[in-house]
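See below for the structure under consideration.
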Amino acid sequence: MVRREATAPLLANEDPRDEFDDEEIELLRKEEAKHIRRERARMVLCLALAIVLTSSAVTITFYFAKISLGRSRNVIMMVSDGFGPASQTYGRSFYHYKNNITEGGFTSLDEMLIGTSRTRSSDSLVTDSASGATAFSCALKTYNAAIAVDPAGNPCGTILEAAKDLGMLTGLVVTSRITHATPAAFSAHVIHRDMESEIAAQQIGDYPLLRQIDLMMGGGRCFFLPNTTEGSCRTDGRDLIKEAQEVYGWEHVMQNKDDFMSLKAKDGMFPLPAMGLFHLDHMNYMIDRDENKEPSLSEMTEAALATLKGQAKTSQGFFLMIEGSRIDMGGHNNDPVAHVHEILEYHKAVKAVQKFVYDNPDTLVISTSDHETGGFTLGYQDDPDTYPDYLWRPEVIDRATASTEALTRQLYVYNTQPGNTGRTQKDREQFVKTQILEKGLGITDPTAEEIAYLTNKEPDYLKVVPFLGHAISRRANLGWTTLGHTGVDVNLYATGEGYSKLKGNHENTEIGETMADYLKVDLAYITRRLQKSTQKWFQPKEPQFFSQRTRHQKSGH
């Protein structure tokens with residue numbers, strides 16, 4: 001046999017065994033068999049040693065459990081909706097004021113800052129919450145108003161669905177309607193965010209993957225009630241709460257704080273699956289919330305963590321998305337009072353998550369915003385001819401006792417309730433001065449223009465909300481540039497395992513990629529499963545949803 005020179009390379013279709021005759025190949029096989037036996041013996045010895053060490057030392061047992069491929073992994077995705085860099089500074093500064101801290105104090109978020117996230121969607125520099133959340137859930141850019149669909153309007157697999165495919169427990173905790181843009185983008189697939197009746201149906205399990213959520217809490221009960229029920233938002237007669245219980249295995253439905261407290265066991269866990277729909281619409285702002293009727297974001301977070309951790313099987317883990325939803329809505333209203341109290345509550349939720357991670361290090365936590373809202377600024381000057389007043393006045397915000405949204409409702413009730421026709425202009429002025437401005441916002445020096453605007457018999461109530469927000473913002477030396485979103489980069493926070501790739505400045509889609517990498521899941525696989533039968537369950541793109549893009553503005557972008 002002619003042998004190849006040692007330096008001659010093999011061709012692509014050649015097998016190195018072609019260089020030897022049958023006798024030489026037989027010898028090679030024997031040597032290879034001996035090598036395999038030696039390696040197997042070595043592996044058995046190592047395994048036996050590991051078992052001995054594991055049984056003799058708890059710390060070594062813990063270590064091997066940590067590095068085993070089958071170990072538990074948890075992912076907690078936190079979304080501070082509409083929360084830009086200025087809002088973090090604002091929340092920290094107000095917290096300092098309330099706690100008499102002059103400088104140097106950190107919030108729970110400050111300890112986790114690792115970079116920034118770019119927020120643009122596939123069709124605009126300024127994103128909405130739907131496309132922003134889809135970037136997190138599906139790790140792809142899509143058009144504004146899209147709920148877990150790609151730019152062509154096809155469903156895309158989400159990180160929640162991929163986690164469920166691994167056998168993990170899953171949860172959603174929000175303070176908006178549970179059918180609102182952000183939670184929807186993790187748990188449903190529709191071509192427009194306004195399709196909340198369809199979103200609700202998918203969330204209980206009415207789509208090809210069936211029930212994917214083990215625990216969800218928030219508002220939005222109106223989209224689960226038949227249209228024959230008072231307060232329903234549905235246009236059909238489906239009772240999704242009944243369907244959830246009878247068809248899709250939801251054993252427990254909570255509708256108020258009493259349900260929330262009674263369902264929790266002594267160890268703080270809920271039996272699963274369970275849903276909490278604590279309000280017909282969005283849950284109330286923190287400053288307006290009746291703590292006897294609605295749980296807070298931090299209370300729901302603590303209960304969700306205890307439940308998902310406590311009920312997860314060995315090496316199972318969980319995925320949990322937590323949203324401080326109403327931070328954004330305070331921004332839309334240009335309401336610095338509601339805004340700051342939502343921020344402080346979000347900080348409490350973050351603190352609860354940090355405590356969990358300390359006890360459960362096999363957890364990836366990411367906190368960021370889908371976008372900034374309001375063009376919020378710490379500093380305000382409306383007179384170009386005078387030197388700016390470089391101050392801010394937290395005591396102005398601290399005096400307020402209600403959101404501008406709640407105060408506008410009070411004004412509406414006052415103007416529309418029976419007997420209003422008999423009230424004089426003086427009566428209306430007295431009500432506005434004492435109840436709305438002084439008691440509600442702590443404003444004791446209203447201008448004639450403010451009184452005149454608010455005592456109009458038939459004001460535009462949608463405009464009254466930001467009008468009140470600007471009234472108190474000016475006095476606190478705070479500014480706003482828009483009632484909508486802006487395109488600025490937002491802060492990116494993380495802790496626990498597996499976040500190192502996110503240090504620095506990143507596209508929002510990389511957040512979704514990082515979660516998928518950590519869990520070692522293929523989102524494309526879930527996408528293929530969803531798209532196999534779209535003609536049977538998925539509503540295709542309809543022109544009317546793209547010609548009325550302002551429809552959702554009234555309830556938060």
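Please read all numbers here as calculations on a predicted model, not as lab measurements.
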- line: Nearest heavy-atom approach of Ala306 to Gly268 is CB-O, 3.8 Å

task: Kindly give the heavy-atom pair with the smallest separation between Val490 and Ser369, and that separation in Å.
output: CG2-O, 3.3 Å

Going by atom types only, do [X] and [Y] share a side-chain donor-acceptor pair under 3.5 Å?
| X | Y | answer |
| --- | --- | --- |
| Asn505 | Asp489 | yes |
| Asp335 | Ser403 | no |
| Asp81 | Ser325 | no |
| Glu345 | Ser298 | yes |
| Thr107 | Gln88 | yes |

Supply the atom-to-atom distance [X] [atom1] to [Y] [atom2], rounded to the nearest 0.5 angstrom.
| X | Y | atom1 | atom2 | value |
| --- | --- | --- | --- | --- |
| Trp480 | Thr377 | CH2 | OG1 | 8.5 Å |
| Leu523 | Thr158 | CG | OG1 | 7.5 Å |
| Thr495 | Leu109 | OG1 | CG | 11.0 Å |

More than 12 non-hydrogen atoms from neighbouring residues, nucleotides or ligands closer than 6.0 Å to [atom1] on [X], yes or no?
| X | atom1 | value |
| --- | --- | --- |
| Tyr248 | OH | yes |
| Glu230 | CD | no |
| Tyr461 | OH | yes |

task: State which residue, out of Val173, Val357, Ile76, fulfils the side-chain contact (heavy atoms from CB on, under 4.5 Å) condition with Leu305.
output: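 It is Ile76, the one option of Val173, Val357, Ile76 that forms the side-chain contact (heavy atoms from CB on, under 4.5 Å) with Leu305.
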
message: Testing Val126, Val488, Thr119 one by one against Glu372 for a side-chain contact (heavy atoms from CB on, under 4.5 Å), which residue passes?
response: Val488

Determine, for [X] against [Y], whether the closest basic-nitrogen to carboxylate-oxygen distance falls under 4.0 angstrom.
| X | Y | answer |
| --- | --- | --- |
| Asp288 | Arg326 | no |
| Arg529 | Glu161 | no |
| Lys257 | Glu299 | yes |
| Arg193 | Asp128 | yes |

query: Hey, are the side chains of Met329 and Ser176 touching, using non-hydrogen atoms and a 4.5 Å cut-off?
result: yes

field: Aromatic ring pairing Phe260/Phe278, orientation class (parallel under 30°, perpendicular over 60°, tilted between)
entry: perpendicular

- request: Give the ring-plane orientation class for Trp537 versus His189, where under 30° counts as parallel, over 60° as perpendicular and anything between as tilted.
  value: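 It falls in the perpendicular class, over 60°.
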
- prompt: Can you list the residues that meet the ring-ring contact (aromatic ring centres under 6.0 Å, His included) rule with Tyr90, with sequence neighbours excluded?
  reply: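 Per chain and number, Tyr90 pairs via ring-ring contact (aromatic ring centres under 6.0 Å, His included) with Phe376, Trp392.
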
- request: Indicate, with yes or no, if the rings of Phe318 and Phe356 have centres closer together than 6.0 Å.
  value: yes

